[in-house]
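By convention in this document, chain letters (A, B, ...) are assigned in the order of the sequence lines, proteins followed by strands, and residues within each chain are numbered from 1.
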There are 2 protein chains.
Amino acid sequence: MSGVKINTMEEFATVSGLSRPTISKYFNDPKSVRSSTRARIEAAIAEYDYHPNIYAMNQNRKLTNNVGIVVPYISDPVFAEHARALEEKCIEAGFRPTLFSSHGAPELEVEILDLLRSLKPAGVMLAPLGRTPNKAVIEKFCSDVPTVLFDSYLPDTGLGFVGSNNSQFAKLMIDYLCRTGEPPCFLEMKTPANPNANRRRIAYLEAMDALGFDPCVVGIDGTGWAFEEIGRSGGARALIEKSFSSNTVLCSNDRLAIGFLTACFEQKIRVGRESDCDIRVAGMDDHPFSRYTCPPLTTVAQDFNSVSKGTVDLLLDAIEGRDISETYTIFDGRLVMRESA
Amino acid sequence: MSGVKINTMEEFATVSGLSRPTISKYFNDPKSVRSSTRARIEAAIAEYDYHPNIYAMNQNRKLTNNVGIVVPYISDPVFAEHARALEEKCIEAGFRPTLFSSHGAPELEVEILDLLRSLKPAGVMLAPLGRTPNKAVIEKFCSDVPTVLFDSYLPDTGLGFVGSNNSQFAKLMIDYLCRTGEPPCFLEMKTPANPNANRRRIAYLEAMDALGFDPCVVGIDGTGWAFEEIGRSGGARALIEKSFSSNTVLCSNDRLAIGFLTACFEQKIRVGRESDCDIRVAGMDDHPFSRYTCPPLTTVAQDFNSVSKGTVDLLLDAIEGRDISETYTIFDGRLVMRESA
DNA sequence: GAAAAAAATTTACGCGCGTAAAAAATATTG
DNA sequence: CAATATTTTTTACGCGCGTAAATTTTTTTC
């Protein structure tokens with residue numbers, strides 16, 4: 001590496017013995033220059049460690065190579081996992097992802113979209129909070145910026161949606177639970193932070209009806225994203241009040257289930273599918289820690305990889321002008337049998 | 001809001017009846033214009049929804065108002081929590097944080113620093129992976145960009161460091177454990193992903209020595225960031241091989257402890273501090289999930305709030321030219337007694 | 001080897017804003 | 001009210017790069 005400091009593309013063109021427009025072409029698309037030229041440029045980059053000024057580049061480009069990733073709550077390991085997978089795939093595709101978390105706050109979600117707009121991204125992957133107040137803002141944003149929704153569906157918004165088949169999640173688990181024991185009750189938050197919860201409840205009601213069982217939905221209080229604590233305190237109350245009509249509880253998501261398991265532990269209620277147990281507990285999502293609860297949590301695994309791949313692919317297809325055939329894609333979950341049910 | 005679309009600052013200056021340099025001054029510092037002028041500008045912003053072009057602004061500014069946040073692994077809830085707290089405090093202070101995760105990969109850490117450099121941020125808050133290969137790269141980066149390290153210390157690097165007093169963490173827990181039962185063994189990864197583990201082991205050895213007990217360090221295999229699985233599989237082996245010289249195990253961190261609790265459960269070893277229990281288990285960090293293990297995990301709580309506040313404050317002091325008196329700050333942990341020990 | 005095609009160069013302008021300097025307008029002070 | 005201080009305007013240049021058009025050079029084709 002040479003000691004000379006190259007600051008502008010002009011200077012870099014000089015030292016590499018080429019013209020600036022050629023260098024510019026190279027940085028916009030390396031394959032657009034002859035391979036011998038490309039080699040010279042890359043040798044010069046290695047020698048002078050030149051990087052074009054990002055701001056000057058993006059100022060004039062019709063489209064930047066930025067993509068935005070917005071998740072509702074980064075501290076939720078399920079979304080952290082989503083974000084990680086999406087970032088990886090964007091980088092592979094040559095885009096520069098920027099990650100934002102709404103931290104559960106609708107106002108912050110609006111601010112993030114504002115900022116994203118001024119970042120002129122090539123596209124955005126958005127998992128909305130799913131709170132009604134922001135509906136109009138998100139629709140407006142999607143009509144300005146190419147946006148793919150994931151995880152949480154909003155009708156007629158954005159280029160499309162990729163997510164999980166929440167109905168299938170619930171049906172799959174209910175079938176399993178009914179086949180192997182008593183039909184489950186359904187434990188959920190009365191006012192869920194995440195709209196997928198509604199699909200899961202509806203699927204529960206439908207599946208129970210189809211199987212000829214009486215449903216039993218237990219709604220617990222609590223707002224916000226501290227699901228474990230809500231599951232623990234609300235679950236404890238439900239146990240004391242004997243709200244469950246069977247010895248099997250399907251929780252709306254794993255984080256709720258994790259809290260509920262703690263409530264069971266505190267009341268010395270033995271959880272599991274063996275004969276000496278009092279209750280069976282199941283969740284949905286395959287949260288990274290579900291494997292490590294005691295007993296390990298039986299759940300339905302989200303197909304993170306397919307969802308993230310589908311999300312990135314859909315966005316890139318749209319950005320790069322390929323026709324997007326499927327605008328609504330959902331992936332089935334996989335039953336993960338562990339000891340809790 | 002008017003229907004007219006304002007694209008440039010020039011146009012915006014016209015419609016607001018002021019000159020462009022005044023508008024420019026306003027956006028660089030609203031307080032730098034007379035309050036009556038400020039009011040006119042803000043009224044015009046509300047009416048025309050004008051936002052200056054971020055790229056054009058940053059191109060010429062000596063300093064942007066971007067700050068970078070880099071964590072080693074965003075899917076680790078401890079770092080997700082750190083990131084959330086740092087983001088919040090940056091936004092409050094009027095800066096624009098961008099979050100990056102190295103995903104445990106040293107190459108990615110280098111790429112992130114490269115990108116950050118070209119983003120010309122006002123400053124960076126970096127929790128390094130702590131792998132030796134990147135030492136030189138990070139030192140170089142810190143000499144170019146105002147950087148505060150957090151969580152993981154590197155000597156003589158950056159503006160300063162803010163983190164936890166890992167020695168105190170270990171001593172605090174060991175004192176408690178020795179006071180209430182048998183002296184603990186120490187469970188850790190042989191090759192820890194995070195350098196804080198070394199401090200904790202050293203503190204363990206010192207504390208045991210000071211109390212006149214024989215130390216017993218159990219190192220388990222495994223690399224990477226899947227700590228729970230490492231704790232479970234390695235812990236299971238250690239239990240079978242009877243590697244622990246006492247009935248008390250202090251784990252190097254909570255995630256390891258969570259996996260170890262699962263190993264105990266699988267082998268029907270009762271965990272807790274009551275008389276009918278076989279083993280006591282403790283961790284360090286106060287991982288968000290530790291409250292919900294069965295039994296709930298006794299641990300030492302990191303002072304997330306003080307660390308994140310200290311990190312942001314140190315960086316902003318440096319950016320805004322105040323003298324930074326303390327360049328190495330660590331915060332003590334708080335004992336969180338739960339049922340596991 | 002000449003003709004055609006492809007790639008690189010030259011020239012020149014524009015992007016949207018920062019910012020400096022001097023002049024003009026407005027506000028503050030006694 | 002004049003004198004001074006503060007704020008705003010006018011004018012003008014520069015930042016680093018995208019990009020278009022015309023020209024020249026290099027490569028490919030037969």
Side-chain angles (χ1 to χ4, degrees), chain A residues 4-45 48-66 94 96 115 117-122, chain B residues 4-45 48-66 96 114-115 117-122:
Chain A
V4 200
K5 182 75 188 146
I6 300 293
N7 286 310
T8 74
M9 196 178 275
E10 194 75 54
E11 291 171 24
F12 180 71
T14 306
V15 297
S16 57
L18 292 162
S19 72
R20 190 173 69 76
T22 303
I23 306 289
S24 176
K25 274 196 77 177
Y26 168 85
F27 278 109
N28 277 302
D29 179 10
K31 297 189 304 300
S32 69
V33 302
R34 204 186 297 154
S35 65
S36 58
T37 311
R38 187 161 57 237
R40 285 172 67 186
I41 295 177
E42 279 161 3
I45 291 177
Y48 295 96
D49 191 39
Y50 168 72
H51 296 278
N53 180 304
I54 285 192
Y55 299 106
M57 282 180 69
N58 285 335
Q59 176 174 13
N60 302 319
R61 258 218 268 261
K62 52 274 279 142
L63 213 63
T64 69
N65 68 340
N66 302 331
R96 196 172 81 65
L115 174 61
R117 198 192 303 268
S118 63
L119 251 29
K120 301 187 200 305
Chain B
V4 199
K5 180 76 188 148
I6 300 293
N7 286 309
T8 74
M9 197 178 274
E10 194 74 56
E11 291 171 23
F12 180 72
T14 305
V15 298
S16 57
L18 292 161
S19 71
R20 190 172 67 74
T22 304
I23 306 290
S24 177
K25 274 195 76 175
Y26 168 83
F27 279 109
N28 278 301
D29 179 10
K31 296 189 303 301
S32 69
V33 302
R34 200 188 298 154
S35 65
S36 58
T37 311
R38 189 162 56 236
R40 285 172 66 185
I41 295 176
E42 280 162 2
I45 291 178
Y48 295 96
D49 191 39
Y50 168 73
H51 296 279
N53 180 305
I54 284 193
Y55 299 106
M57 282 180 69
N58 285 334
Q59 176 175 12
N60 303 319
R61 257 219 268 258
K62 51 273 280 147
L63 213 62
T64 70
N65 69 341
N66 302 330
R96 197 174 79 65
D114 264 2
L115 173 61
R117 198 192 304 266
S118 62
L119 251 31
K120 303 187 199 304

Rounded to the nearest angstrom, tell me the gap between atom [atom1] in [X] and atom [atom2] in [N].
X	N	atom1	atom2	result
B:F27	C:dT19	CZ	P	15 Å
B:N58	D:dC17	CG	C1'	15 Å
B:I23	C:dT19	CD1	C1'	15 Å
A:K120	D:dG18	NZ	C1'	15 Å
B:E10	C:dG16	CD	C1'	10 Å
B:K25	D:dT10	NZ	P	16 Å
B:N65	C:dG18	CG	P	12 Å
A:Y26	D:dG18	OH	P	13 Å

From [options], nucleotide with atom closest to [X] side chain:
X	options	result
B:N28	D:dC17, C:dT19, C:dT26	C:dT19
B:S24	C:dT19, C:dG16, D:dG18	C:dT19
B:P21	C:dA20, D:dG16, C:dA7	C:dA20
B:L18	D:dG16, D:dT8, C:dA8	D:dT8

side-chain N/O [X] vs [N] OP1/OP2, d < 4.0 Å:
X	N	answer
A:T8	D:dC15	no
B:T22	D:dT7	no
A:Y50	D:dC17	yes

Within a strict 4.5 Å, meaning less than it, do heavy atoms of the A:L18 and A:V33 side chains meet?
->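 Contact flag for A:L18/A:V33 side chains = no.
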
Min side-chain heavy-atom separation B:I41-B:R38 under 4.5 Å |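 Contact flag for B:I41/B:R38 side chains = no.
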
Test log, rule side chain to side chain contact (heavy atoms under 4.5 Å, CB included), inputs B:E11 and B:Y48 | CA-CA 11 Å; B:E11 291 171 23; B:Y48 295 96; over 6 Å; no

Evaluate the ring planes of B:F12 and B:Y50, with Trp represented by its six-membered ring, and classify them as parallel (under 30°), tilted (30 to 60°) or perpendicular (over 60°).
->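 Parallel, since the angle between the ring planes stays under 30°.
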
Stepwise, does the side chain to side chain contact (heavy atoms under 4.5 Å, CB included) test hold for A:N60 with B:Y55?
-> CA-CA 9 Å; A:N60 302 319; B:Y55 299 106; over 6 Å; no

Using the closest heavy atom to pick a nucleotide of DNA chain C for each, name whichever of A:R20 or A:Q59 lands nearer the 5' end.
->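 It is A:R20 whose nearest nucleotide is closer to the 5' end.
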
Contact nearer the 5' end of DNA chain D, comparing B:N60 with B:S19 =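 By nearest-heavy-atom nucleotide position, the 5'-most residue is B:S19.
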
